[in-house]
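Here's the structure, in structure tokens; my notes come after.
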Amino acid sequence: MDAVITWFGNPMEQESARFVKGLHRGDPEILDDLIEIYQHRLLRYLLSLTGSRPMAEDIFQETWLRVLERGRQYRSQWRFDVWLFSIARHLVIDEARRKRGLSLDELMDSEAGMGFEPLARGLSPFEEVVAGQEGERVMRVLSRIPAVYREVLILRFHDELPLDDIVAIINVPLSTVKSRLYRGLEAVRKTMGPEQS
Amino acid sequence: MSEADHERARKLLAAVALDDITVGERNWLDRHLAGCTECSSEAGALSAAVQSLRVLTVAASPELVQQTKLAVYRRAQQLQAARSRSAPLWIATAISSIWMILTAPYVWRTFAWFGQMAHMPDAVWQAGFLMWWFLPATVLAAAAASRYTASERVSNWANESNWGQR
């Protein structure tokens, strides 16, 4: 978890220390604050993984419970968002195994397409949560590409995470992350063609 | 322009989006785009897609956030209660261990004296001493551990039940 180093910069050190202490104490008020800060990013990441809003919402709640239970393991030099996303990803893997007996890689296999849910004829649940026409169009495109690419695209271009942090979350080599990003962009490009016409 | 040139341009367009392109490649791509309408239009589409990804809006509903906060409060209370129940046992275990260490030399002599008086083999009274020395802390630690395991089971069960809340 070397890439999980350095959470907030200097201006936020005091706030960071408060969060770390609260996590170690298992303080629900600190969790309240963290939920407020990371709610949208976490849900978006879970949606990119699962392609299903009900599934993402279940795991959203479970992720915060795990954060509470494992708060003592958190180290101040780690980036909180990377730690949070790693927990969320592991929960998705557990849930995938529990429901389908599949690993996440199998679940997210390019051939498998959408992840938990088959591609809907109209708007997918993933798309329904997106506000605005442009957002809907992008989500429609994203829902048609494999989740394994969707995940890295969201982390890189929306959350603007450095590649090292994405490596830490996904736990694959840097070359694999780069390859998925390239293929993801290629898939977006190919899918956007028919969308535009 | 050959199909290989177009293919190279498409790959380099992705490289541009990832800031993973050399100056030489960038120059080649710029020249290619200047003379190729198709690739130039793909560059525009890809750039627009990346831009859309950056401004994508997905929001957690207030209900979900509220439910999650409530679940966190409930779990925090469960964990606190489990810790409170286990604390006296761990304290008793610690005190018992310290007491045994402090009194060990005296008890050892007492057991030795008793062994000699009763004409016991050394191994017998030494085994008795070891049992006396280990037993209380072992029993207390086992009780504390079993309580901890039980509270973990409750926690896991609560975890399971949360999956289907909504």
Subject >> A:Arg25 versus chain B, the contacting section by heavy-atom distance below 4.5 Å >> reply: backbone

Subject >> Check: A:His40 side chain, B:Ala60 main-chain N or O, donor-acceptor pair, under 3.5 Å >> reply: yes

Original post:
What heavy-atom pair brings B:Ser61 and A:Arg53 nearest, and what distance separates the two atoms?
Top reply: N-NH2, 3.6 Å

Original post:
Does A:Leu43 reach the side chain of B:Leu64, with side-chain heavy atoms less than 4.5 Å apart?
Top reply: yes

Original post:
Does CG in A:Asn171 sit with more than 12 non-hydrogen atoms of other residues, nucleotides or ligands closer than 6.0 Å?
Top reply: no

**OP:** Applying side chain to side chain contact (heavy atoms under 4.5 Å, CB included), run through B:Tyr73 and A:Asp32 and close with a yes or a no.
**Re:** CA-CA 9 Å; B:Tyr73 268 94; A:Asp32 262 15; 3.6 Å; yes

Subject >> Same apolar cluster: A:Leu174 and A:Tyr149, side chain cutoff 4.5 Å >> reply: yes

Subject >> salt bridge (Lys or Arg N to Asp or Glu O under 4.0 Å): pairs with one or both residues in residues 120-143 of chain B, sequence neighbours excluded >> reply: none

Original post:
Are A:Leu185 and B:Val50 close enough, and set up right, to give a side chain to side chain contact (heavy atoms under 4.5 Å, CB included), and what steps lead you there?
Top reply: CA-CA 8 Å; A:Leu185 284 173; B:Val50 168; 3.8 Å; yes

Subject >> Shared hydrophobic cluster for B:Leu130 and B:Met120 (ILVMFWY, side-chain gaps under 4.5 Å) >> reply: yes

Original post:
Roughly how far, to the nearest 0.5 Å, is CZ of B:Arg75 from CG of A:Leu68?
Top reply: 7.5 Å

Subject >> Heavy-atom proximity to chain B below 4.5 Å, by part of A:Glu29 >> reply: both

Subject >> Heavy-atom pairs under 4.5 Å with chain B, option from A:Leu31, A:Leu163, A:Asp27, A:Leu181 with the top count >> reply: A:Leu181

Original post:
What closest approach, in Å, do A:Gly26 and B:Ala76 show between heavy atoms, and which atom pair accounts for it?
Top reply: O-CB, 4.2 Å

**OP:** Starting at CD of A:Glu36, measure out to NZ of B:Lys69 and round the result to the nearest 0.5 Å.
**Re:** 3.5 Å

**OP:** Decide whether B:Trp108 and B:Met117 are clustered together by the hydrophobic rule: side chain heavy atoms of Ile, Leu, Val, Met, Phe, Trp, Tyr closer than 4.5 Å, transitively.
**Re:** yes

Original post:
If you round to the nearest 0.5 Å, how far is CG of A:Leu155 from CG of B:Leu53?
Top reply: 11.5 Å

Original post:
Does the side chain to side chain contact (heavy atoms under 4.5 Å, CB included) test come out yes or no for B:Leu18 and A:Lys178, once each step is laid out?
Top reply: CA-CA 9 Å; B:Leu18 295 171; A:Lys178 278 189 174 182; 5.8 Å; no

Original post:
Between A:Glu186, A:Glu160, A:Arg41, which shows the greatest number of heavy-atom pairs under 4.5 Å with chain B?
Top reply: A:Glu160

**OP:** Considering only heavy atoms, give the residues of residues 3-17 of chain B separated from chain A by less than 4.5 Å, sorted numerically, with 'none' for an empty result.
**Re:** B:Arg10, B:Lys11, B:Ala14, B:Ala15, B:Ala17

**OP:** Please answer: with hydrophobic residues joined when any side-chain heavy atoms are less than 4.5 Å apart, are B:Phe114 and B:Phe111 in the same cluster?
**Re:** yes

Original post:
Is there a path from B:Leu70 to A:Ile59 through hydrophobic residues (I, L, V, M, F, W, Y) whose side chains come within less than 4.5 Å of each other?
Top reply: no

